[in-house]
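Please read the structure below before turning to the comments.
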Amino acid sequence: QVQLVESGGGLVQAGGSLRLSCAASGRTASSYAMAWFRQAPGNERQFLATITPSGGRTYYGDSVRGRFTISRDNAKNTVYLQMNDLKPEDTAVYYCAGARQWTDTYYRTTLDGYNYWGQGTQVTVSS
């Protein structure tokens, strides 16, 4: 079992940047695929980015590709989401997710691919 805690959300102006962090505890994060999702009011939870257990491969959703970067530091059991050129439509609660995975050979991009979730952190982008 792993526990996930997000931090780093807040209020930022359009065009600005934020870096979210997801601290994992309970088990070694290096054996987990990790991802970021977000959910705006009235919308379904949306896949943003995923990173394989070693950190060697990443994959992004169309809405954030080129603006957001996922990374991880397995020595610190932490996953990051660097968000640049933020837009008002990026306003949402951002969630970190994890799933046990032993290889880097595939990605998980759907909600049901993850069984560990953080509590979320609010990101608000003003225009």
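The model shown is predicted, which means the values in this text are computed figures rather than measured ones.
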Note: L18 and V123 closest approach over all heavy atoms is CD1-CG1, 3.9 Å

Assess, by modelled atom type and distance only, whether the side chains of S63 and Q46 contain a donor and an acceptor separated by less than 3.5 Å.
yes

d(N77 CG, S25 OG) to nearest 0.5 Å is 8.0 Å

Output for pair (L48 CG, T109 OG1), nearest 0.5 Å, gives 11.5 Å

Just by distance, do the side chain of E6 and the backbone of T121 share a donor-acceptor pair under 3.5 Å? no

Nearest heavy-atom approach of A14 to P88 is CB-CD, 4.1 Å

Is there a donor-acceptor pair under 3.5 Å between the side chain of T91 and the backbone N or O of V125? yes

Geometric cation-pi criterion R65 and Y60, 6.0 Å radius, 45° cone: no

Any side-chain to backbone donor/acceptor pair from T78 onto K76? Under 3.5 Å, distance only. yes

All heavy atoms of R57 vs all of D104, minimum pair found to be NH1-O, 3.0 Å

Between the side chains of Y94 and R38, is a donor N or O closer than 3.5 angstrom to an acceptor N or O?
yes

Q: Tell me whether W36 is reachable from V64 by hopping between hydrophobic residues (I, L, V, M, F, W, Y) whose side-chain heavy atoms are closer than 4.5 Å.
A: yes

Apart from Y107 itself, members of its ILVMFWY cluster (side-chain separation under 4.5 Å) are F37, F47, Y59, V93, Y95, L111, Y114, W117

Heavy-atom nearest pair, A24 first then L4, reads CB-CD2, 3.7 Å

Interatomic distance, OH@Y32 vs OH@Y116, rounded to 0.5 Å, equals 4.5 Å

Backbone N/O of G113 and side chain of R108: donor-acceptor pair under 3.5 Å:
yes

When rounded to the nearest 0.5 Å, the distance separating NZ of K87 from OG of S127 is 13.0 Å

Heavy-atom nearest pair, P53 first then S30, reads CB-O, 3.2 Å

inquiry  = Strictly distance-based, threshold 3.5 Å: is any side-chain N or O of Q101 a donor or acceptor partner for the main-chain N or O of Y106?
reply    = yes

Note to self: Do L81 and T69 make a side-chain contact, defined as non-hydrogen atoms from C-beta onward lying under 4.5 Å apart?
What the structure shows: no

Rounded to the nearest 0.5 Å, the SG atom of C22 sits from the CZ atom of R72 at a distance of 9.5 Å

Which of N84, D90, D85 passes side-chain hydrogen bond (donor to acceptor under 3.5 Å, both in side chains) with R67? Answer is D90

Heavy-atom nearest pair, M34 first then C96, reads CE-SG, 3.6 Å

The reported gap from CG in N74 to OG in S54 (rounded to nearest 0.5 angstrom) is 8.0 Å

### Task
May I ask whether I51 and F68 are part of the same hydrophobic cluster, defined by side-chain heavy atoms of I, L, V, M, F, W, Y residues being less than 4.5 angstrom apart, directly or through others?
yes

TODO: Report the C-alpha separation of R100 and S31 in whole Å, then their side-chain angles, then the decisive distance to 0.1 Å, and conclude whether the side-chain contact (heavy atoms from CB on, under 4.5 Å) test is met.
DONE: CA-CA 6 Å; R100 199 71 177 264; S31 57; 3.3 Å; yes

